[in-house]
Amino acid sequence: MLKNLNMDLSWKGLASQLIASNANGFKLAIAFCLGLTLPLSFAPFDYWPVAILSLIGFQALVTGLPAKAGFKVGWSYGFGVFAAGASWVYVSIHEYGFAPVPLALLLTFLFTFLLGLFFALQTYTFNRWFDFSDYRNLLTFPAIWILFEWFRSWFLTGFPWLYLGYGHIETWLAGWAPVFGVFGIGFITVLTASSLLLCIKSAIQNPSVKKQGLPLLVCLLLWGSGLLLTNVQWTTSKEEISVTLMQGNIPQEKKWLNEYRPVSLKTYRELNRNVHSDLIIWPETAIPYFKHQVPDWLEETEQLLQPDQGLITGIPYLRPDSKRSNPILHNSIIGMGQATGMYHKQKLVPFGEYVPMQDILRGLIQFFNLPMSNFRPGPAHQEPIKFRDSLFWPAICYEIAYPSFIAENIGNDHPSNVILTISNDAWFGDSLGPKQHLQLAQMRALENSRYVLRATNTGLTAVINEKGIIENDMPAFIAGGLSARIAPQQGLTPYSQWTDKPILALVLLSLLAAKLLGRVPSSINNQQTNQLQS
């Protein structure tokens with residue numbers, strides 16, 4: 001009889017383990033699916049409510065989990081986010097890095113797998129130290145989320161992509177961008193999702209309680225304040241200038257071939273013909289030679305400009321004082337004619353512009369030997385490009401993705417009046433990457449209340465006004481010029497002056513307040529909770 005009882009108990013234990021195992025697998029699958037939906041809130045889809053729904057589901061899934069289980073569920077969610085939102089790296093690895101399909105898929109998987117670890121650490125931190133399962137989670141969950149978005153912006157050079165705030169360029173929350181930047185908008189977004197989740201839980205657990213709307217009222221006030229802030233003019237306009245942004249549509253697979261380089265020069269010279277705008281802008285590395293290799297061509301091009309015209313172009317630069325055995329190369333911008341100055345890119349793209357651990361990786365596969373993948377970062381403090389009486393802060397390609405980097409340089413001792421970003425998104429074809437990249441540029445315009453001029457090789461070339469709205473653009477994969485009139489801005493937004501300091505202070509205060517509230521005697525804490533509920 002005892003033997004039968006033991007067998008019965010063991011079968012029940014095994015059954016409970018199987019159920020628990022299936023439940024864990026189910027949670028991982030749900031988390032992955034929720035992560036897959038989050039990029040739908042960004043360009044080119046712009047379904048911003050999807051992010052709030054994804055956040056509600058994710059927070060409900062991880063709240064109350066043990067820290068180790070939270071780590072796994074967080075990774076599954078993050079893997080879904082980046083698998084859907086950042087897998088465009090496959091295009092550059094396979095089509096232009098010439099990696100075979102299986103290898104390209106493996107490298108893309110590893111890239112998105114590792115990025116998912118940011119969400120794993122985020123969820124582990126939440127479950128290990130800050131998951132209080134009460135009103136305090138209204139403080140902790142948004143704070144932890146934004147803390148890790150900020151962490152991701154600089155750790156190992158950073159991957160400042162797919163931040164929640166980017167989904168709100170055209171919502172009421174856009175008004176907060178010049179005050180607290182993209183992280184501030186993200187904080188309000190998560191707070192809104194957490195408040196909705198609290199109301200849903202309360203309605204299920206305590207259907208007789210009618211008043212659960214205080215957190216939502218706070219969120220409504222924040223959204224309404226954002227709408228009011230969209231009408232604030234943070235800067236004043238200077239005299240308008242006319243600009244033409246050139247898009248050469250040079251095929252990436254031919255761009256650096258010796259026999260094709262003269263074709264690039266001819267293409268941009270021809271595009272300049274009969275253009276009468278005050279300022280002409282060519283994209284990143286439009287001139288596929290080092291500056292010292294084409295001095296005569298540069299001088300001739302400058303002489304072809306009208307006396308009051310300026311030209312700004314991307315061009316590789318070899319420092320003349322570098323050693324022959326270890327040359328120092330820069331991805332640079334130069335001004336010609338009435339435009340003066342030179343800028344060397346500071347934020348380089350790993351594997352695209354430099355190869356980490358290159359002594360080990362170079363030569364393993366062709367992807368680690370891409371043309372012009374041996375650049376060095378430029379110095380930290382550089383002067384903007386000057387045109388007439390206006391200053392243009394240059395951001396080459398990936399640099400436009402760094403919120404505080406742009407704001408710090410806009411708000412320095414000599415504030416720039418226009419943000420200029422040149423890029424070569426041909427590496428990513430017609431994928432989501434270039435569309436998301438353009439959206440990042442829109443947010444920088446909003447945060448700093450500056451026009452953003454975006455000149456690219458194959459698209460998307462655009463003129464973005466100080467409200468983050470695209471005023472003019474041109475289709476991708478055609479050669480031509482985009483002409484517009486812009487108003488350089490003077491004055492600084494709060495974000496240009498403070499950058500991320502206020503929102504980081506809010507994050508830390510939220511976490512500290514949640515911890516301190518946990519030390520309040522339970523009777524008092526319960527009394528306060530009951531008052532909030534009633």
Side-chain angles (χ1 to χ4, degrees), residues 157 245-248 250 252 255-256 261 264-265 267-269 272 279-302 305 310-324 326-355 370-387 391-402 405-406 409-410 412 416 418-427 441 452-457 461:
T157 73
L245 314 180
M246 296 302 186
Q247 183 172 291
I250 305 298
Q252 185 59 38
K255 182 180 176 72
W256 297 106
R261 291 182 185 186
S264 295
L265 297 183
T267 297
Y268 282 102
R269 179 77 67 79
N272 263 28
L279 181 63
I280 302 169
I281 299 170
W282 296 355
E284 179 184 14
T285 57
I287 301 174
Y289 293 91
F290 288 110
K291 182 175 180 290
H292 72 276
Q293 293 178 318
V294 285
D296 295 338
W297 189 89
L298 290 173
E299 183 178 355
E300 182 182 344
T301 300
E302 190 169 29
L305 297 173
L311 170 64
I312 299 174
T313 182
I315 187 172
Y317 179 80
L318 171 65
R319 269 180 51 177
D321 59 341
S322 62
K323 296 179 180 179
R324 194 179 190 88
N326 190 24
I328 298 176
L329 317 177
H330 293 301
N331 189 354
S332 305
I333 292 178
I334 60 171
M336 302 164 64
Q338 293 299 308
T340 58
M342 174 180 286
Y343 170 79
H344 304 307
K345 186 178 182 182
Q346 300 176 55
K347 303 282 190 180
L348 301 181
V349 180
F351 302 105
E353 292 174 311
Y354 78 98
V355 178
L370 291 174
M372 307 307 291
S373 61
N374 197 25
F375 284 123
R376 304 276 188 92
H381 301 289
Q382 300 184 54
E383 295 295 320
I385 303 293
K386 184 175 181 180
F387 176 70
L391 298 178
F392 289 65
W393 178 255
I396 301 179
C397 191
Y398 196 52
E399 289 184 316
I400 200 68
Y402 292 86
F405 174 75
I406 299 297
N409 286 289
I410 288 292
N412 61 19
S416 298
V418 180
I419 299 172
L420 166 66
T421 178
I422 62 173
S423 186
N424 179 26
D425 286 352
W427 286 106
V452 171
L453 305 179
R454 187 171 192 268
T456 68
N457 175 28
T461 295

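Residues: numbered from 1 along the sequence shown.
Note that the CD1 atom of Ile400 and the CD1 atom of Ile406 stand 4.5 Å from one another [nearest 0.5 Å]. Separating the CZ atom in Arg454 from the CD atom in Gln247 is a distance of 9.5 Å, to the nearest 0.5 Å. The OG1 atom of Thr461 sits 6.5 Å away from the CG atom of Leu245 when rounded to the nearest 0.5 Å. With rounding to the nearest 0.5 Å, the separation of CE in Met336 from OG1 in Thr313 is 7.5 Å. Note that CG of Leu348 and CZ of Phe375 are 8.5 Å apart. Values are rounded to the nearest 0.5 Å. Once rounded to the nearest 0.5 Å, the distance linking CG of Leu420 with CG of Leu453 reads 6.0 Å.
Taking the side chain as every heavy atom from C-beta outward, Tyr317 and His344 approach each other to under 4.5 Å. Considering only heavy atoms from C-beta on, Thr301 comes within 4.5 Å of Arg269 through its side chain. In this structure the side chain of Pro283 reaches within 4.5 angstrom of the side chain of Tyr268, judged on heavy atoms. In this structure the side chain of Ile410 reaches within 4.5 angstrom of the side chain of Ile419, judged on heavy atoms. A 4.5 Å side-chain heavy-atom check between Trp282 and Ile315 finds every atom pair outside the cut-off. Within the 4.5 Å cutoff, the side chain of Arg261 has heavy atoms near those of the Trp256 side chain.
Proximity of a side-chain donor or acceptor of His330 to a complementary backbone N or O of Arg376 within less than 3.5 Å is detected. Of the possible polar contacts, none joining the Glu383 side chain to the Gly341 backbone as a donor-acceptor pair under 3.5 Å is found. Put simply, the side chain of Thr421 gets close to the backbone of Ala395: a donor and an acceptor are under 3.5 Å apart. Judged purely by atom type and a 3.5 angstrom limit, Asn412 uses its side chain to pair as donor or acceptor with the backbone of Asn409. Between the side chain of Glu284 and the main chain of Asn424, a donor-acceptor pair closer than 3.5 Å is present. A donor-acceptor pair is defined here as one N or O able to donate and one able to accept, closer than 3.5 Å; no such pair exists between the side chain of Gln346 and the backbone of Gly378.
Below 30°, between 30° and 60°, or above 60°: for Tyr343 and Trp393 the angle between ring planes is above 60°, a perpendicular geometry.
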Distance-only donor-acceptor pairs under 3.5 Å for side chains of residues 286-294, two or more places apart:
| unit_1 | atom_1 | unit_2 | atom_2 | d |
| --- | --- | --- | --- | --- |
| Gln293 | OE1 | Phe290 | N | 2.9 |

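When all heavy atoms are compared, the tightest approach of Ala339 to Ile312 is CB-CG1, 3.8 Å. The two atoms that bring Met246 and Ala455 nearest to each other are O-CB, 4.4 Å, heavy atoms only. Scanning both residues, Asn331 and Ile396, for their nearest heavy atoms gives O-CD1, 3.3 Å.
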